> 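Please see the structure below; I have some questions.
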Amino acid sequence: MRKIFLYVIFYVGLISCNVDPAIKNESSLKDLKFEIPVGFPQPHYTFEGNEVTKERFELGRKLFYDPILSRTNTISCGSCHQQFSAFSQIDHPVSHGVDDLLGTRNSPVLFNLAWYKEFMWDGGVNHIEVQPFAPIENPVEMDETLLSVIQKLNASSDYKKMFKAAYSVDSASTKYMALAISQFMAMMISADSKYDKFIRNEENLTADENEGYQIFQQKCASCHKPPLFTDLSYRNNGLDDTFQDEGRKMITQNVSDLGKFKVPTLRNIAISYPYMHDGRLNTLDQVLEHYNSGIKQSSTLDPILQNGITLTADDKAKLISFLNTLTDNTFIKDKRFSEF
Amino acid sequence: MILHKIKLHLSLSLLIFISGCKEKDPVANPVPNTPQIESGTVSINLNAVINDEDLVLETKTFLNPLDESFTVKRFAFYLSNIKLLKDNGESYSIPNSYILYDKSKPNFNNVSFSNIPLGNYTGLEFTFGIDSVRNYSGAGDGALDPINGMYWTWNTGFINLKFEGEWMAPDTNLVFIYHLGGFREPYYSYRAAEPDNNIPFNIKSNENTTIYIDADLNKFFGDFQPLSFSQNQVIMDPSSLSAKLSTNCARMFKVNRIE
(Lines give C-alpha, C1' and ligand atoms only; values in the text may rest on other atoms or scores of the structure.)
Protein backbone atom coordinates (compact mmCIF):
# COMPACT_ATOMS: atom_id res chain seq x y z
CA MET A 1 0.00 0.00 0.00
CA ARG A 2 2.76 2.34 0.93
CA LYS A 3 4.47 1.53 -2.37
CA ILE A 4 1.46 2.53 -4.39
CA PHE A 5 1.11 5.65 -2.34
CA LEU A 6 4.71 6.66 -3.05
CA TYR A 7 4.42 6.01 -6.76
CA VAL A 8 1.26 8.06 -6.87
CA ILE A 9 2.96 10.94 -5.10
CA PHE A 10 5.90 10.75 -7.43
CA TYR A 11 3.89 10.66 -10.63
CA VAL A 12 1.55 13.38 -9.49
CA GLY A 13 4.65 15.44 -8.81
CA LEU A 14 5.88 14.85 -12.33
CA ILE A 15 2.56 15.60 -13.91
CA SER A 16 2.11 18.76 -11.94
CA CYS A 17 5.56 19.86 -13.14
CA ASN A 18 4.26 19.63 -16.67
CA VAL A 19 1.20 21.72 -16.10
CA ASP A 20 2.57 24.25 -13.65
CA PRO A 21 2.86 27.45 -15.69
CA ALA A 22 5.53 28.75 -13.34
CA ILE A 23 7.88 26.04 -14.59
CA LYS A 24 9.16 26.19 -18.15
CA ASN A 25 6.43 24.85 -20.35
CA GLU A 26 8.20 21.75 -21.67
CA SER A 27 5.04 20.36 -23.23
CA SER A 28 5.16 23.20 -25.76
CA LEU A 29 8.53 21.94 -26.95
CA LYS A 30 6.98 18.62 -27.97
CA ASP A 31 5.13 20.26 -30.82
CA LEU A 32 8.05 22.47 -31.66
CA LYS A 33 8.05 23.53 -35.25
CA PHE A 34 8.97 26.50 -37.39
CA GLU A 35 5.88 28.26 -38.64
CA ILE A 36 5.93 31.15 -41.08
CA PRO A 37 3.72 33.94 -39.71
CA VAL A 38 0.87 35.20 -41.86
CA GLY A 39 2.15 37.71 -44.40
CA PHE A 40 5.82 36.79 -44.00
CA PRO A 41 7.84 35.68 -47.03
CA GLN A 42 9.63 32.33 -47.26
CA PRO A 43 12.58 32.31 -44.84
CA HIS A 44 16.16 32.30 -46.05
CA TYR A 45 17.19 29.63 -43.53
CA THR A 46 15.28 26.40 -44.11
CA PHE A 47 16.83 24.23 -41.34
CA GLU A 48 18.16 21.92 -44.04
CA GLY A 49 20.29 19.29 -42.32
CA ASN A 50 19.21 20.86 -39.01
CA GLU A 51 15.53 19.88 -38.82
CA VAL A 52 13.80 21.23 -35.74
CA THR A 53 13.65 18.85 -32.79
CA LYS A 54 13.13 19.33 -29.08
CA GLU A 55 16.59 17.93 -28.31
CA ARG A 56 18.37 20.28 -30.72
CA PHE A 57 16.40 23.29 -29.53
CA GLU A 58 17.13 22.48 -25.89
CA LEU A 59 20.83 22.03 -26.60
CA GLY A 60 20.86 25.34 -28.44
CA ARG A 61 19.11 27.04 -25.53
CA LYS A 62 21.55 25.60 -23.01
CA LEU A 63 24.51 26.77 -25.09
CA PHE A 64 22.95 30.20 -25.62
CA TYR A 65 22.72 30.77 -21.88
CA ASP A 66 26.01 29.10 -20.91
CA PRO A 67 29.02 31.31 -20.07
CA ILE A 68 31.21 28.28 -20.82
CA LEU A 69 31.44 29.77 -24.32
CA SER A 70 33.64 32.61 -23.01
CA ARG A 71 37.31 32.47 -22.00
CA THR A 72 36.53 33.58 -18.45
CA ASN A 73 33.37 31.45 -18.19
CA THR A 74 31.47 34.62 -17.30
CA ILE A 75 29.80 35.83 -20.50
CA SER A 76 27.04 33.95 -22.33
CA CYS A 77 25.15 34.88 -25.49
CA GLY A 78 22.32 35.76 -23.13
CA SER A 79 24.50 38.29 -21.28
CA CYS A 80 24.19 40.78 -24.13
CA HIS A 81 20.96 39.40 -25.61
CA GLN A 82 18.27 39.48 -22.92
CA GLN A 83 14.78 38.28 -23.61
CA PHE A 84 12.90 41.09 -21.85
CA SER A 85 14.44 43.57 -24.30
CA ALA A 86 13.82 41.31 -27.32
CA PHE A 87 17.31 39.84 -26.90
CA SER A 88 19.15 43.14 -26.96
CA GLN A 89 20.74 44.81 -23.95
CA ILE A 90 19.08 47.98 -22.74
CA ASP A 91 21.11 50.84 -21.27
CA HIS A 92 24.29 49.48 -22.84
CA PRO A 93 25.38 51.61 -25.81
CA VAL A 94 27.92 48.93 -26.76
CA SER A 95 28.40 45.31 -25.71
CA HIS A 96 30.33 44.45 -22.55
CA GLY A 97 32.68 41.49 -22.90
CA VAL A 98 35.17 39.54 -20.80
CA ASP A 99 37.38 41.42 -18.32
CA ASP A 100 35.03 44.44 -18.55
CA LEU A 101 36.15 45.13 -22.09
CA LEU A 102 33.84 47.25 -24.21
CA GLY A 103 32.83 46.35 -27.74
CA THR A 104 32.31 48.93 -30.47
CA ARG A 105 28.72 48.25 -31.38
CA ASN A 106 25.29 47.95 -29.82
CA SER A 107 23.94 44.43 -29.18
CA PRO A 108 21.20 43.97 -31.76
CA VAL A 109 17.82 42.40 -31.06
CA LEU A 110 17.47 38.71 -31.99
CA PHE A 111 14.32 37.48 -33.71
CA ASN A 112 13.08 36.72 -37.21
CA LEU A 113 16.68 35.80 -38.02
CA ALA A 114 15.62 32.94 -40.29
CA TRP A 115 14.79 35.67 -42.83
CA TYR A 116 18.29 37.21 -42.67
CA LYS A 117 21.00 36.40 -45.17
CA GLU A 118 23.68 38.29 -43.29
CA PHE A 119 24.36 39.08 -39.67
CA MET A 120 26.01 41.79 -37.58
CA TRP A 121 25.71 45.54 -38.17
CA ASP A 122 28.18 45.27 -41.05
CA GLY A 123 26.79 42.01 -42.46
CA GLY A 124 30.19 40.38 -42.08
CA VAL A 125 28.72 37.01 -41.16
CA ASN A 126 27.01 35.41 -44.15
CA HIS A 127 25.13 32.45 -42.66
CA ILE A 128 23.22 31.94 -39.42
CA GLU A 129 25.14 28.72 -38.71
CA VAL A 130 28.51 30.45 -38.57
CA GLN A 131 27.23 33.47 -36.65
CA PRO A 132 27.97 32.05 -33.16
CA PHE A 133 31.69 31.80 -33.96
CA ALA A 134 32.08 35.58 -34.24
CA PRO A 135 31.24 36.65 -30.66
CA ILE A 136 33.02 33.58 -29.24
CA GLU A 137 36.31 34.57 -30.88
CA ASN A 138 35.92 38.34 -30.65
CA PRO A 139 38.64 39.57 -28.21
CA VAL A 140 36.29 42.12 -26.60
CA GLU A 141 33.29 39.81 -26.40
CA MET A 142 33.90 36.18 -25.32
CA ASP A 143 37.58 36.06 -26.33
CA GLU A 144 37.63 32.26 -26.45
CA THR A 145 39.05 29.85 -28.99
CA LEU A 146 36.75 27.34 -30.65
CA LEU A 147 39.20 24.60 -29.69
CA SER A 148 38.89 25.45 -26.01
CA VAL A 149 35.09 25.72 -26.17
CA ILE A 150 34.84 22.26 -27.67
CA GLN A 151 37.23 20.85 -25.06
CA LYS A 152 35.13 22.36 -22.28
CA LEU A 153 31.91 20.99 -23.77
CA ASN A 154 33.39 17.53 -24.15
CA ALA A 155 34.54 17.56 -20.53
CA SER A 156 30.86 17.75 -19.54
CA SER A 157 28.92 14.48 -19.52
CA ASP A 158 25.66 16.48 -19.66
CA TYR A 159 26.69 18.14 -22.87
CA LYS A 160 27.94 14.91 -24.42
CA LYS A 161 24.57 13.32 -23.69
CA MET A 162 22.73 16.29 -25.16
CA PHE A 163 24.83 16.30 -28.34
CA LYS A 164 24.18 12.58 -28.68
CA ALA A 165 20.45 13.01 -28.20
CA ALA A 166 20.30 15.97 -30.58
CA TYR A 167 22.59 14.96 -33.40
CA SER A 168 23.56 11.30 -32.75
CA VAL A 169 27.22 12.26 -32.33
CA ASP A 170 29.53 10.95 -29.63
CA SER A 171 31.14 14.27 -28.85
CA ALA A 172 30.62 17.99 -29.23
CA SER A 173 32.05 19.72 -32.28
CA THR A 174 31.94 23.23 -33.69
CA LYS A 175 29.52 22.17 -36.40
CA TYR A 176 26.87 20.74 -34.10
CA MET A 177 27.36 23.47 -31.52
CA ALA A 178 26.73 25.98 -34.29
CA LEU A 179 23.73 24.06 -35.62
CA ALA A 180 22.13 23.87 -32.17
CA ILE A 181 22.63 27.55 -31.34
CA SER A 182 21.43 28.61 -34.77
CA GLN A 183 18.36 26.41 -34.47
CA PHE A 184 17.49 28.07 -31.16
CA MET A 185 18.02 31.53 -32.65
CA ALA A 186 16.23 30.84 -35.93
CA MET A 187 13.17 29.64 -34.00
CA MET A 188 12.82 33.06 -32.36
CA ILE A 189 9.94 34.72 -34.16
CA SER A 190 8.37 38.01 -33.24
CA ALA A 191 5.07 38.42 -35.07
CA ASP A 192 2.43 38.91 -32.41
CA SER A 193 2.62 42.59 -31.57
CA LYS A 194 -0.42 44.87 -31.50
CA TYR A 195 0.54 45.84 -35.06
CA ASP A 196 0.42 42.17 -36.14
CA LYS A 197 -2.99 41.77 -34.49
CA PHE A 198 -4.13 44.87 -36.34
CA ILE A 199 -2.89 43.44 -39.64
CA ARG A 200 -4.70 40.17 -38.86
CA ASN A 201 -7.91 42.16 -38.09
CA GLU A 202 -7.86 41.01 -34.48
CA GLU A 203 -7.37 44.39 -32.87
CA ASN A 204 -7.76 48.06 -33.77
CA LEU A 205 -5.16 50.79 -33.55
CA THR A 206 -6.04 53.98 -31.65
CA ALA A 207 -6.45 57.16 -33.66
CA ASP A 208 -2.90 58.32 -32.79
CA GLU A 209 -1.38 54.93 -33.57
CA ASN A 210 -3.22 54.84 -36.85
CA GLU A 211 -2.02 58.32 -37.83
CA GLY A 212 1.47 57.31 -36.82
CA TYR A 213 1.11 54.27 -39.06
CA GLN A 214 0.20 56.51 -41.99
CA ILE A 215 3.28 58.70 -41.36
CA PHE A 216 5.42 55.56 -41.00
CA GLN A 217 4.22 54.27 -44.36
CA GLN A 218 5.02 57.57 -46.06
CA LYS A 219 8.33 58.37 -44.42
CA CYS A 220 9.96 55.26 -42.93
CA ALA A 221 8.71 52.10 -44.61
CA SER A 222 10.96 52.23 -47.66
CA CYS A 223 13.96 51.19 -45.51
CA HIS A 224 12.09 49.72 -42.52
CA LYS A 225 9.97 47.57 -44.75
CA PRO A 226 7.22 45.40 -43.20
CA PRO A 227 6.81 42.64 -42.27
CA LEU A 228 10.43 42.45 -41.05
CA PHE A 229 10.56 46.25 -40.65
CA THR A 230 13.94 46.27 -42.39
CA ASP A 231 14.87 45.81 -46.02
CA LEU A 232 18.14 44.24 -44.77
CA SER A 233 20.20 46.71 -46.82
CA TYR A 234 23.24 48.69 -45.63
CA ARG A 235 22.87 52.46 -45.50
CA ASN A 236 24.59 55.53 -44.17
CA ASN A 237 21.85 57.32 -42.22
CA GLY A 238 23.75 60.55 -41.69
CA LEU A 239 25.00 60.09 -38.13
CA ASP A 240 28.56 61.20 -39.01
CA ASP A 241 30.61 62.90 -41.66
CA THR A 242 33.86 61.22 -40.68
CA PHE A 243 33.86 57.53 -39.85
CA GLN A 244 35.69 56.04 -36.90
CA ASP A 245 33.80 52.82 -37.58
CA GLU A 246 33.89 52.15 -41.31
CA GLY A 247 30.92 49.76 -41.11
CA ARG A 248 30.15 47.73 -44.20
CA LYS A 249 33.37 48.89 -45.89
CA MET A 250 35.35 46.73 -43.45
CA ILE A 251 33.67 43.72 -45.03
CA THR A 252 33.55 44.64 -48.70
CA GLN A 253 36.67 46.89 -48.92
CA ASN A 254 34.48 49.04 -51.14
CA VAL A 255 34.75 52.81 -50.45
CA SER A 256 31.12 53.25 -51.46
CA ASP A 257 30.22 51.25 -48.32
CA LEU A 258 31.99 53.63 -45.93
CA GLY A 259 29.88 54.36 -42.85
CA LYS A 260 27.06 52.06 -43.91
CA PHE A 261 25.33 49.77 -41.43
CA LYS A 262 22.47 47.33 -41.71
CA VAL A 263 19.02 48.90 -41.45
CA PRO A 264 17.79 47.58 -38.09
CA THR A 265 14.31 46.14 -37.63
CA LEU A 266 11.83 48.38 -35.83
CA ARG A 267 10.00 45.47 -34.25
CA ASN A 268 10.28 45.74 -30.44
CA ILE A 269 12.04 49.07 -30.91
CA ALA A 270 10.48 50.70 -27.84
CA ILE A 271 12.01 48.09 -25.52
CA SER A 272 15.46 47.80 -27.12
CA TYR A 273 17.09 51.19 -26.47
CA PRO A 274 19.64 52.69 -26.88
CA TYR A 275 19.63 53.14 -30.63
CA MET A 276 21.95 53.17 -33.66
CA HIS A 277 24.94 50.89 -34.35
CA ASP A 278 26.89 52.41 -31.47
CA GLY A 279 23.95 53.01 -29.16
CA ARG A 280 24.51 56.78 -29.17
CA LEU A 281 20.83 57.78 -28.98
CA ASN A 282 18.75 56.94 -25.94
CA THR A 283 15.19 57.73 -26.92
CA LEU A 284 12.94 57.34 -29.92
CA ASP A 285 12.36 61.08 -29.82
CA GLN A 286 16.12 61.65 -30.28
CA VAL A 287 16.15 59.19 -33.16
CA LEU A 288 13.29 60.93 -34.94
CA GLU A 289 14.84 64.33 -34.29
CA HIS A 290 18.06 63.05 -35.87
CA TYR A 291 16.17 62.35 -39.09
CA ASN A 292 14.33 65.68 -38.83
CA SER A 293 17.27 67.98 -38.15
CA GLY A 294 20.50 66.07 -37.52
CA ILE A 295 21.51 64.50 -40.85
CA LYS A 296 25.21 65.01 -41.62
CA GLN A 297 26.31 65.10 -45.25
CA SER A 298 28.96 62.74 -46.60
CA SER A 299 29.75 61.02 -49.87
CA THR A 300 27.98 57.80 -48.89
CA LEU A 301 24.92 59.38 -47.23
CA ASP A 302 21.79 57.60 -48.35
CA PRO A 303 20.14 59.55 -51.19
CA ILE A 304 16.76 59.29 -49.46
CA LEU A 305 18.15 61.24 -46.52
CA GLN A 306 19.86 64.10 -48.39
CA ASN A 307 17.29 66.57 -47.08
CA GLY A 308 16.41 64.69 -43.91
CA ILE A 309 12.84 63.65 -43.07
CA THR A 310 10.64 66.53 -42.04
CA LEU A 311 8.71 65.65 -38.89
CA THR A 312 6.66 68.00 -36.70
CA ALA A 313 6.40 67.45 -32.95
CA ASP A 314 2.92 66.05 -33.57
CA ASP A 315 4.26 63.69 -36.27
CA LYS A 316 6.93 62.43 -33.90
CA ALA A 317 4.46 61.80 -31.09
CA LYS A 318 2.17 59.86 -33.39
CA LEU A 319 5.04 57.90 -34.90
CA ILE A 320 6.18 56.91 -31.43
CA SER A 321 2.62 55.78 -30.65
CA PHE A 322 2.79 53.58 -33.69
CA LEU A 323 6.29 52.28 -32.90
CA ASN A 324 5.00 51.23 -29.49
CA THR A 325 2.56 48.89 -31.22
CA LEU A 326 5.54 46.89 -32.51
CA THR A 327 6.34 45.59 -29.02
CA ASP A 328 5.63 41.86 -28.93
CA ASN A 329 4.87 40.74 -25.38
CA THR A 330 4.07 37.22 -26.51
CA PHE A 331 7.63 36.87 -27.79
CA ILE A 332 9.47 38.45 -24.87
CA LYS A 333 7.52 36.27 -22.44
CA ASP A 334 7.71 33.05 -24.45
CA LYS A 335 9.00 30.50 -21.95
CA ARG A 336 10.56 28.40 -24.70
CA PHE A 337 13.23 31.04 -25.13
CA SER A 338 13.84 31.92 -21.50
CA GLU A 339 16.88 31.00 -19.47
CA PHE A 340 14.96 29.59 -16.52
CA MET B 1 15.34 1.76 6.78
CA ILE B 2 12.07 3.28 5.60
CA LEU B 3 14.00 6.16 4.18
CA HIS B 4 16.13 3.76 2.17
CA LYS B 5 13.04 2.05 0.85
CA ILE B 6 11.57 5.36 -0.15
CA LYS B 7 14.76 6.25 -1.93
CA LEU B 8 14.73 2.91 -3.72
CA HIS B 9 11.14 3.28 -4.81
CA LEU B 10 11.72 6.78 -5.94
CA SER B 11 14.76 5.90 -7.95
CA LEU B 12 13.01 2.87 -9.43
CA SER B 13 10.03 4.92 -10.46
CA LEU B 14 12.36 7.59 -11.77
CA LEU B 15 14.11 4.96 -13.87
CA ILE B 16 10.84 3.68 -15.21
CA PHE B 17 9.73 7.20 -15.93
CA ILE B 18 12.95 8.16 -17.69
CA SER B 19 13.11 5.00 -19.74
CA GLY B 20 9.49 5.57 -20.71
CA CYS B 21 10.38 9.06 -21.81
CA LYS B 22 13.37 8.01 -23.77
CA GLU B 23 11.52 5.36 -25.69
CA LYS B 24 11.71 6.35 -29.28
CA ASP B 25 11.56 4.90 -32.70
CA PRO B 26 14.59 2.68 -33.11
CA VAL B 27 17.19 4.30 -35.29
CA ALA B 28 16.75 2.99 -38.79
CA ASN B 29 19.50 0.71 -39.91
CA PRO B 30 21.86 2.71 -42.05
CA VAL B 31 21.75 1.76 -45.68
CA PRO B 32 24.97 -0.15 -46.34
CA ASN B 33 27.32 1.97 -48.37
CA THR B 34 27.52 -0.12 -51.50
CA PRO B 35 30.85 0.61 -53.12
CA GLN B 36 31.02 0.88 -56.87
CA ILE B 37 32.12 -2.57 -57.90
CA GLU B 38 34.56 -1.27 -60.44
CA SER B 39 36.35 1.52 -58.67
CA GLY B 40 39.65 2.41 -57.10
CA THR B 41 41.04 4.88 -54.60
CA VAL B 42 43.09 8.02 -55.06
CA SER B 43 45.19 9.55 -52.32
CA ILE B 44 46.52 13.07 -52.53
CA ASN B 45 49.73 13.50 -50.57
CA LEU B 46 50.89 17.08 -50.15
CA ASN B 47 54.35 18.21 -49.19
CA ALA B 48 55.71 21.73 -48.77
CA VAL B 49 59.10 22.54 -50.29
CA ILE B 50 61.17 25.66 -50.80
CA ASN B 51 62.94 25.30 -54.10
CA ASP B 52 63.89 21.65 -53.85
CA GLU B 53 64.31 21.41 -50.11
CA ASP B 54 61.61 20.10 -47.78
CA LEU B 55 60.09 22.82 -45.61
CA VAL B 56 61.22 22.59 -41.98
CA LEU B 57 59.39 24.69 -39.39
CA GLU B 58 61.19 27.07 -37.01
CA THR B 59 64.71 25.66 -37.10
CA LYS B 60 65.81 25.99 -40.70
CA THR B 61 66.55 29.25 -42.51
CA PHE B 62 65.49 29.67 -46.13
CA LEU B 63 66.12 32.27 -48.81
CA ASN B 64 63.39 33.80 -50.97
CA PRO B 65 64.01 34.87 -54.60
CA LEU B 66 65.17 38.30 -53.36
CA ASP B 67 67.74 36.60 -51.12
CA GLU B 68 65.89 37.61 -47.96
CA SER B 69 66.44 35.06 -45.16
CA PHE B 70 63.47 33.71 -43.24
CA THR B 71 62.22 30.94 -41.00
CA VAL B 72 58.68 29.54 -41.14
CA LYS B 73 56.39 29.16 -38.15
CA ARG B 74 53.15 28.17 -39.86
CA PHE B 75 52.31 27.08 -43.37
CA ALA B 76 48.85 25.84 -44.24
CA PHE B 77 46.54 26.07 -47.23
CA TYR B 78 43.39 24.61 -48.75
CA LEU B 79 42.92 22.71 -51.98
CA SER B 80 39.42 21.84 -53.15
CA ASN B 81 37.29 20.60 -56.05
CA ILE B 82 39.74 18.00 -57.26
CA LYS B 83 39.03 16.94 -60.82
CA LEU B 84 40.73 13.95 -62.44
CA LEU B 85 41.23 14.26 -66.21
CA LYS B 86 40.65 11.14 -68.33
CA ASP B 87 42.58 10.36 -71.48
CA ASN B 88 39.33 10.36 -73.50
CA GLY B 89 38.72 14.03 -72.71
CA GLU B 90 36.20 13.35 -69.95
CA SER B 91 36.83 14.12 -66.32
CA TYR B 92 35.78 12.98 -62.87
CA SER B 93 35.16 15.55 -60.15
CA ILE B 94 35.73 14.05 -56.70
CA PRO B 95 32.71 14.99 -54.57
CA ASN B 96 33.40 16.97 -51.40
CA SER B 97 37.12 17.04 -52.04
CA TYR B 98 38.41 19.57 -49.55
CA ILE B 99 41.98 19.17 -48.38
CA LEU B 100 43.65 21.18 -45.66
CA TYR B 101 47.42 20.98 -45.83
CA ASP B 102 49.01 22.01 -42.55
CA LYS B 103 52.74 21.53 -42.09
CA SER B 104 52.30 21.40 -38.31
CA LYS B 105 49.64 18.66 -38.50
CA PRO B 106 51.17 15.85 -40.58
CA ASN B 107 48.09 13.63 -40.34
CA PHE B 108 46.19 16.15 -42.48
CA ASN B 109 48.51 15.87 -45.41
CA ASN B 110 47.49 12.59 -47.00
CA VAL B 111 43.81 12.35 -47.93
CA SER B 112 42.16 9.39 -49.66
CA PHE B 113 39.09 9.40 -51.88
CA SER B 114 37.30 6.18 -52.81
CA ASN B 115 34.85 5.25 -55.58
CA ILE B 116 37.10 6.63 -58.30
CA PRO B 117 36.10 5.30 -61.74
CA LEU B 118 38.65 2.99 -63.35
CA GLY B 119 40.63 4.08 -66.35
CA ASN B 120 43.55 5.99 -67.71
CA TYR B 121 43.98 9.53 -66.50
CA THR B 122 46.25 12.24 -67.87
CA GLY B 123 46.41 14.34 -64.73
CA LEU B 124 44.40 16.48 -62.34
CA GLU B 125 43.09 19.99 -61.73
CA PHE B 126 41.88 21.61 -58.53
CA THR B 127 41.04 24.88 -56.85
CA PHE B 128 43.60 26.66 -54.72
CA GLY B 129 41.56 27.68 -51.69
CA ILE B 130 37.85 27.25 -51.02
CA ASP B 131 35.32 28.31 -53.62
CA SER B 132 32.66 30.97 -53.10
CA VAL B 133 29.72 28.56 -52.83
CA ARG B 134 31.24 26.67 -49.89
CA ASN B 135 31.96 30.01 -48.22
CA TYR B 136 28.20 30.71 -48.17
CA SER B 137 27.18 27.26 -46.92
CA GLY B 138 27.17 27.52 -43.13
CA ALA B 139 28.90 25.30 -40.60
CA GLY B 140 31.41 22.76 -41.89
CA ASP B 141 33.42 19.95 -40.32
CA GLY B 142 36.53 17.89 -40.98
CA ALA B 143 38.96 19.92 -43.09
CA LEU B 144 36.35 22.70 -43.10
CA ASP B 145 35.98 22.89 -39.32
CA PRO B 146 36.76 26.46 -38.19
CA ILE B 147 38.58 24.88 -35.25
CA ASN B 148 41.50 24.33 -37.66
CA GLY B 149 42.27 28.04 -37.44
CA MET B 150 41.77 28.64 -41.15
CA TYR B 151 38.59 30.69 -40.81
CA TRP B 152 37.66 34.34 -40.35
CA THR B 153 34.71 34.57 -38.01
CA TRP B 154 34.08 38.36 -38.13
CA ASN B 155 34.07 38.46 -41.93
CA THR B 156 32.86 34.97 -42.80
CA GLY B 157 35.18 32.91 -44.87
CA PHE B 158 38.01 30.48 -45.10
CA ILE B 159 41.60 31.59 -44.95
CA ASN B 160 42.92 29.94 -48.08
CA LEU B 161 46.55 30.18 -47.02
CA LYS B 162 48.45 31.00 -43.85
CA PHE B 163 52.17 31.67 -44.10
CA GLU B 164 53.82 33.05 -40.96
CA GLY B 165 57.38 33.29 -39.72
CA GLU B 166 60.34 35.56 -39.13
CA TRP B 167 62.31 37.62 -41.61
CA MET B 168 65.95 38.22 -40.75
CA ALA B 169 65.89 41.93 -41.55
CA PRO B 170 69.24 43.74 -41.67
CA ASP B 171 69.11 44.94 -38.07
CA THR B 172 66.64 42.67 -36.39
CA ASN B 173 64.24 39.78 -36.89
CA LEU B 174 60.72 40.83 -37.87
CA VAL B 175 57.57 38.74 -37.73
CA PHE B 176 55.66 38.32 -40.98
CA ILE B 177 52.05 37.19 -41.22
CA TYR B 178 50.39 36.49 -44.55
CA HIS B 179 46.77 35.34 -44.48
CA LEU B 180 45.10 35.09 -47.87
CA GLY B 181 41.31 34.91 -47.81
CA GLY B 182 38.16 36.45 -49.19
CA PHE B 183 35.67 35.19 -51.73
CA ARG B 184 33.88 38.37 -52.81
CA GLU B 185 34.58 40.27 -56.02
CA PRO B 186 36.97 41.83 -56.72
CA TYR B 187 39.39 40.59 -54.04
CA TYR B 188 38.66 36.88 -53.95
CA SER B 189 41.60 34.61 -53.29
CA TYR B 190 40.62 31.16 -54.56
CA ARG B 191 42.00 30.20 -57.96
CA ALA B 192 41.67 27.46 -60.54
CA ALA B 193 44.96 25.59 -60.41
CA GLU B 194 46.83 22.66 -61.85
CA PRO B 195 50.28 21.24 -61.30
CA ASP B 196 53.14 22.53 -63.47
CA ASN B 197 53.60 19.00 -64.78
CA ASN B 198 50.83 16.45 -65.00
CA ILE B 199 51.90 12.81 -64.96
CA PRO B 200 49.49 10.15 -66.37
CA PHE B 201 48.18 7.48 -64.03
CA ASN B 202 45.87 4.52 -64.08
CA ILE B 203 43.09 3.71 -61.61
CA LYS B 204 42.75 -0.03 -61.09
CA SER B 205 40.01 -1.94 -59.32
CA ASN B 206 40.41 -1.98 -55.55
CA GLU B 207 43.85 -0.42 -55.73
CA ASN B 208 45.08 2.85 -54.31
CA THR B 209 47.00 5.37 -56.38
CA THR B 210 48.84 8.06 -54.48
CA ILE B 211 49.58 11.37 -56.18
CA TYR B 212 52.44 13.13 -54.42
CA ILE B 213 52.23 16.88 -54.93
CA ASP B 214 54.87 19.41 -53.88
CA ALA B 215 53.84 22.96 -53.01
CA ASP B 216 56.80 25.26 -53.57
CA LEU B 217 56.68 28.13 -51.08
CA ASN B 218 59.19 30.08 -53.13
CA LYS B 219 56.46 30.68 -55.71
CA PHE B 220 54.58 32.67 -53.08
CA PHE B 221 57.07 35.49 -53.60
CA GLY B 222 56.69 35.87 -57.30
CA ASP B 223 55.89 34.78 -60.78
CA PHE B 224 52.69 36.82 -61.05
CA GLN B 225 53.05 39.33 -58.21
CA PRO B 226 56.49 39.91 -56.66
CA LEU B 227 56.59 40.23 -52.89
CA SER B 228 59.42 41.17 -50.58
CA PHE B 229 59.53 41.06 -46.80
CA SER B 230 60.92 44.59 -46.80
CA GLN B 231 57.73 45.94 -48.39
CA ASN B 232 54.98 43.87 -46.78
CA GLN B 233 55.17 42.02 -43.51
CA VAL B 234 51.46 41.76 -42.72
CA ILE B 235 48.58 40.82 -45.02
CA MET B 236 45.40 39.90 -43.16
CA ASP B 237 42.52 41.30 -45.20
CA PRO B 238 41.17 40.66 -48.66
CA SER B 239 42.90 43.24 -50.88
CA SER B 240 44.26 43.76 -54.36
CA LEU B 241 47.64 42.46 -53.18
CA SER B 242 46.23 39.37 -51.47
CA ALA B 243 44.22 38.55 -54.60
CA LYS B 244 47.35 38.81 -56.76
CA LEU B 245 49.36 36.68 -54.34
CA SER B 246 46.68 34.01 -54.69
CA THR B 247 47.58 33.79 -58.36
CA ASN B 248 51.18 33.16 -57.28
CA CYS B 249 49.91 30.40 -55.01
CA ALA B 250 47.92 28.73 -57.78
CA ARG B 251 51.26 28.25 -59.54
CA MET B 252 53.17 26.55 -56.74
CA PHE B 253 52.14 22.95 -57.40
CA LYS B 254 54.15 20.22 -59.02
CA VAL B 255 53.54 16.47 -59.19
CA ASN B 256 56.54 14.83 -57.55
CA ARG B 257 55.59 11.23 -58.32
CA ILE B 258 52.67 8.85 -58.55
CA GLU B 259 52.70 5.45 -56.85
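All values derive from a computational prediction rather than experimental measurement. Numbers restart at 1 for each chain; the letters A, B, ... are given by sequence-line order, proteins then strands.
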> If only atom types and distance count, is the side chain of A/W121 paired as donor or acceptor with the main-chain N or O of A/D278 below 3.5 Å?
no
> I'd like to verify something: which residue of B/P238, B/P186, B/G182, B/S239 has the highest number of heavy-atom pairs under 4.5 Å with chain A?
B/P238
> Quick check, are the ring centers of B/Y190 and B/F158 under 6.0 angstrom apart?
no
> Return the option, out of A/N254, A/L146, A/T174, with the maximum number of heavy-atom pairs under 4.5 Å with chain B.
A/T174
> Give, as side chain, backbone, both or neither, the part of A/N138 having an atom under 4.5 angstrom from any heavy atom of chain B.
neither
> For B/Y187, which atoms come within 4.5 Å of any heavy atom of chain A: side chain, backbone, both, or neither?
side chain
> Less than 4.5 Å to any heavy atom of chain B: does that hold for the side chain of A/I136, its backbone, both, or neither?
neither
> Counting distance only, does the side-chain N/O of A/S148 pair as donor-acceptor with the main-chain N or O of A/T145 below 3.5 Å?
no
> Salt-bridged, A/K249 to A/D122, with N to O below 4.0 Å?
no
> Under 6.0 Å between ring centres, would you say that holds for B/F176 and B/F163?
yes
